[in-house]
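One structure is given below, encoded as structure tokens.
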Protein chains: 2
Amino acid sequence: MVLPNMAKKKVVAADKTTEEKIKEAARTVFMKKGYAATRTRDIAEEAGLNLALLNYYFRSKEKLFEIVMMEKMQKLFGIIAPILNDNTTTLEKKAELAADTYIHMLSENPDLPIFVLSEIRNNPERFASKVQAGKLIQDSHFVKQIKEKRPDMNPLHFMTSFLALIVFPFIAKPVLQDAANLSPKAFNAMMEERKALIPLWFKALMKAK
Amino acid sequence: MVLPNMAKKKVVAADKTTEEKIKEAARTVFMKKGYAATRTRDIAEEAGLNLALLNYYFRSKEKLFEIVMMEKMQKLFGIIAPILNDNTTTLEKKAELAADTYIHMLSENPDLPIFVLSEIRNNPERFASKVQAGKLIQDSHFVKQIKEKRPDMNPLHFMTSFLALIVFPFIAKPVLQDAANLSPKAFNAMMEERKALIPLWFKALMKAK
DNA sequence: CAAAAAATTAATCATTTGATTAAATCTTTT
DNA sequence: AAAAGATTTAATCAAATGATTAATTTTTTG
């Protein structure tokens, strides 16, 4: 087999390369159905391309998935790192910025957390290790500030609760929408409200004894 | 095809019926791998039974899955209903009892939330509607008490946050354990601590303005 | 006990699925 | 413009998979 000539990939703004079309389709389909339920034919169809091109460009379904998965993990875990690691901001400010940034991103990618977390669960040995979350949870400036304010507690409790308040609504979205008869618009409106509420709650949480 | 004689199912305590063996194996395998990644052969092997028995007793993989899924949804959503609907307890007491009961159950079934929520996401039209969570979220005594204490806010915010604090750690378990270098024992110890912390936090959350 | 019914098994089917191949088309280089 | 190289296509393969069948064994019933 002749591998595709990557050097030629001078992307003309107008139309995407075949490789990129496949990746985009893969993102869409993997995201929607998960790895196991996705057929390579689904991806080819979504991309409007011949099935064989998938193997021509990416060798296998698994290799293609790994690329998509790494992107998604980066998106899910990478976005708050710079905020929580900023040495120049207060704890309160970090909570505000992180809630705002994260909820904004998740509103545009509501399926991201459930996708990543369930694929990690289906293959923990493969993916859990590649999560950069470790640094965040162990030696971020955010954690340092939590320790200072509450030296009596395991800071992981607060980190977990903070993320829970932000991320959980998106994971439970189908259930919440169904149970509360929420339109997608109403759901998004609530998430907007939480951008301001969560920092407030986090502060209250940190004080509570 | 002759359907199995259900009338004969007088379960002798000692050994389980074939039907129950299949169901148990199905619970185990579906739970571990999800619907799409599960092979009927995996279930038959897990049960130590001939593959054809699966179709003999349950007609199809999908029918068997539906039974397991309903059980799991009942377990996930059913357990707090009586607590949150008890007209005789205070809001604080409900928070205590619900946190304790739910964390206790989830510690023994840590994969339950991610399993149910991701299968609902893969088939929302089919399952989301069958969730009994609607009543809880709309007209439980718990929600009524929240409304009384905070008439200025959408009670769904507090309900969501309360559930988030309880359930999210189990959903994020693989990531948290990996990122914080937690042993399974240490994880469980933290969840034990949260039984007392969450009611405290919930109270603080309710007050925060 | 013997006939009938139920449960179990091994073998097989028809589809689906990830992947490959060889030929055809398009693009770049010489 | 010919040759070489890259990309795309239709056809096909082998393995996996959900399901069925027909025969066999076990259990229940009269």
Side-chain angles (χ1 to χ4, degrees), chain A residues 1-12 14-26 28-30 32-69 119 122-123 126, chain B residues 1-12 14-26 28-30 32-69 119 122-123 126:
Chain A
M1 190 223 286
V2 182
L3 277 179
N5 184 349
M6 301 301 182
K8 296 279 161 50
K9 205 177 58 178
K10 283 161 191 168
V11 183
V12 183
D15 61 347
K16 289 144 194 161
T17 62
T18 298
E19 202 192 342
E20 188 49 40
K21 276 187 209 160
I22 294 172
K23 250 200 255 181
E24 264 183 28
T28 305
V29 182
F30 278 138
K32 186 169 166 187
K33 325 219 288 186
Y35 177 77
T38 294
R39 315 289 152 226
T40 51
R41 280 159 179 82
D42 301 337
I43 298 176
E45 196 185 355
E46 172 78 26
L49 294 171
N50 187 287
L51 170 63
L53 289 171
L54 203 148
N55 296 289
Y56 180 70
Y57 280 95
F58 298 95
R59 310 212 73 113
S60 72
K61 176 189 175 187
E62 215 175 329
K63 287 251 181 21
L64 177 54
F65 177 71
E66 195 149 340
I67 291 170
V68 171
M69 183 68 178
E119 295 297 342
N122 291 342
N123 224 328
R126 186 171 192 186
Chain B
M1 191 225 285
V2 183
L3 278 178
N5 184 352
M6 302 300 180
K8 297 279 162 48
K9 206 176 55 176
K10 280 163 191 164
V11 183
V12 182
D15 61 345
K16 288 142 193 163
T17 61
T18 297
E19 201 192 345
E20 188 49 40
K21 277 188 209 159
I22 295 172
K23 251 201 255 181
E24 263 183 30
T28 304
V29 182
F30 278 137
K32 185 170 167 187
K33 325 221 289 186
Y35 177 76
T38 294
R39 314 291 151 224
T40 51
R41 280 161 177 81
D42 301 336
I43 298 175
E45 197 186 354
E46 171 78 28
L49 294 170
N50 188 286
L51 170 63
L53 289 172
L54 203 150
N55 296 289
Y56 180 71
Y57 280 96
F58 297 95
R59 312 212 72 112
S60 72
K61 176 189 174 186
E62 215 176 329
K63 288 251 180 23
L64 177 53
F65 177 72
E66 195 149 343
I67 291 170
V68 171
M69 182 69 179
E119 295 297 343
N122 292 341
N123 224 328
R126 186 171 193 187

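Computation of the quantities below employed the complete heavy-atom set of this structure, encompassing side-chain atoms and omitting hydrogens, waters and symmetry-equivalent molecules. Naming: A, B, ... by sequence-line order, numbering from 1 per chain.
Not counting sequence neighbours, B:Phe58 has no partner by the ring pair (Phe, Tyr, Trp, His ring centres under 6.0 Å) test. Residues passing the salt bridge (Lys or Arg N to Asp or Glu O under 4.0 Å) test with B:Lys33 are B:Asp42, sequence neighbours excluded. The salt bridge (Lys or Arg N to Asp or Glu O under 4.0 Å) check on A:Arg41 picks up nothing, with sequence neighbours excluded. Taking the salt bridge (Lys or Arg N to Asp or Glu O under 4.0 Å) definition, one finds that B:Lys32 meets it with nothing, sequence neighbours left out.
The distance between atom CZ of B:Phe58 and atom P of D:dA19, rounded to the nearest whole Å, is 13 Å. The interatomic distance linking B:Lys61 (NZ) with D:dA19 (C1') rounds to 12 Å, in whole Å. For the pair B:Glu19 CD and C:dT8 P, the interatomic distance rounds to 11 Å; values are reported in whole Å. Atom CG in B:Leu51 sits roughly 11 Å away from atom P in C:dA10 (whole-Å rounding). Rounded to an integer number of Å, the gap from CG of B:Leu53 to P of D:dA19 is 14 Å. For A:Lys21 and D:dT7, the NZ to C1' distance is 12 Å, given to the nearest whole Å. Atom CD1 of A:Ile22 and atom P of C:dA19 are 13 Å apart (whole Å). Rounded to whole angstrom, the span from the CG atom of B:Leu49 across to the P atom of C:dA6 amounts to 20 Å.
The side chain of A:Asn55 places no N or O atom within less than 4.0 Å of a non-bridging phosphate oxygen (OP1 or OP2) of C:dG18. In terms of phosphate contacts, B:Tyr57 brings a side-chain nitrogen or oxygen within less than 4.0 Å of OP1 or OP2 of C:dT8.
Closest to the A:Thr18 side chain, of the nucleotides C:dT8, D:dT8, C:dT9, is D:dT8. Out of C:dA19, D:dA10, C:dT9, the shortest distance to the side chain of B:Asn50 is found at C:dT9.
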Only distances under 3.5 Å count here; give the side-chain donor-acceptor pairs of residues 44-52 of chain B to other protein atoms, sequence neighbours excluded, each with its distance to 0.1 Å.
{"unit_1": "B:Asn50", "atom_1": "OD1", "unit_2": "B:Ala52", "atom_2": "N", "d": "2.8"}

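In this structure, the side chain of A:Lys61 does not engage the main chain of A:Asn55 through any donor-acceptor pair within 3.5 Å.
Of the residues in residues 33-43 of chain A, not one comes within less than 4.0 Å of DNA chain D through any heavy atom.
Side-chain contact check for B:Phe65 versus B:Glu119: some heavy-atom pair is nearer than 4.5 Å.
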